[in-house]
Chemist: 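Please find one structure pasted underneath; my questions will follow.
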Amino acid sequence: MARRDLSGAVDFSVLEAMTGGDDAVSEEVLALFVQQAGLWSPMLDIRHEGWRDAAHTVRGAAAGIGAVALAEACAAAEAADRVEAPPLLDRVRDALDIALADVAAWRHELMLRGLRG
């Protein structure tokens with residue numbers, strides 16, 4: 001993956017503003033996002049008692065890196081009742097996959113910058 005693979009699902013200017021443009025801090029934040037996604041994504045299922053908490057947590061993490069569409073999908077799922085939630089959670093998982101692909105491409109870019117010195 002490379003920067004050219006970005007879909008626009010994540011506005012990395014949000015991340016850069018938060019980290020002051022420090023690539024090492026950006027990498028650390030993105031690594032934490034990926035880790036959180038791995039921990040919480042299995043709970044993004046109505047059959048899991050903590051699905052609403054998972055949507056809430058992913059929403060906050062998404063907003064922190066500039067994944068606006070993901071944060072919005074999480075907010076909609078979090079506000080839904082149990083009957084409405086399944087398709088909304090599907091949308092969250094889809095948006096998470098797209099955001100994670102952008103994060104992977106951006107992390108690759110950060111790695112390349114580090115190699116260039």
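Throughout, residue positions are numbered sequentially from 1 according to the sequence presented.
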Chemist: At what distance, to the nearest 0.5 angstrom, does CG of Asp97 lie from OG of Ser7?
Modeler: 11.5 Å

Chemist: So, taking the atom named CG in Leu30 and the one named CD in Glu27, what distance separates them when rounded to the nearest 0.5 Å?
Modeler: 6.5 Å

Chemist: Does the Lys NZ or Arg CZ of Arg113 fall within the cation-pi geometry relative to Trp106 - under 6.0 Å from the ring centre and within 45° of the axis?
Modeler: yes

Chemist: Taking atom CG of Asp102 and atom CG of Asp11, what is their separation to the nearest 0.5 Å?
Modeler: 10.5 Å

Chemist: Do you know which two heavy atoms are closest between Ala79 and Arg52, and how far apart they sit?
Modeler: C-NH1, 4.1 Å

Chemist: To the nearest 0.5 angstrom, please state how far the CG atom of Leu96 sits from the CG atom of Leu44.
Modeler: 7.0 Å

Chemist: So how far is it from His48 NE2 to Met43 CE, rounded to the nearest 0.5 Å?
Modeler: 4.5 Å

Chemist: Show the numbers, then the answer: is there a side chain to side chain contact (heavy atoms under 4.5 Å, CB included) between Asp81 and Glu84?
Modeler: CA-CA 5 Å; Asp81 64 30; Glu84 299 169 331; 3.3 Å; yes

Chemist: Working to the nearest 0.5 Å, report the span between CG of Asp23 and CG of Leu112.
Modeler: 11.0 Å

Chemist: Of all the heavy-atom pairs spanning Val14 and Gly64, show the shortest one and how long it is.
Modeler: CG1-O, 4.0 Å

Chemist: Do the side chains of Leu6 and Leu70 join up, straight or via other hydrophobic residues, at under 4.5 Å, putting them in one cluster?
Modeler: yes

Chemist: Shortest non-hydrogen contact from Ala77 to Val92?
Modeler: CB-CG2, 3.9 Å

Chemist: Do Val29 and Leu100 belong together in a cluster built from hydrophobic side chains that touch within less than 4.5 Å?
Modeler: yes

Chemist: Side chain of Asp45, backbone of Trp51: donor and acceptor closer than 3.5 Å?
Modeler: no

Chemist: Using only atom types and a distance under 3.5 Å, with no angle test, would you say the side chain of Arg59 pairs donor to acceptor with the backbone of Ala71?
Modeler: no

Chemist: Between Ile46 and Leu89, which heavy-atom pair has the shortest distance, and what is it?
Modeler: N-CD1, 3.7 Å

Chemist: Please report the shortest heavy-atom distance between Cys74 and Val58, naming the atom on each side.
Modeler: SG-CG1, 3.6 Å

Chemist: Starting from Leu32, can I reach Met18 by hopping between I/L/V/M/F/W/Y residues whose side chains sit under 4.5 Å apart?
Modeler: no

Chemist: Is it true that Leu110 and Val34 fall in one hydrophobic cluster, defined by side-chain heavy atoms closer than 4.5 Å?
Modeler: yes

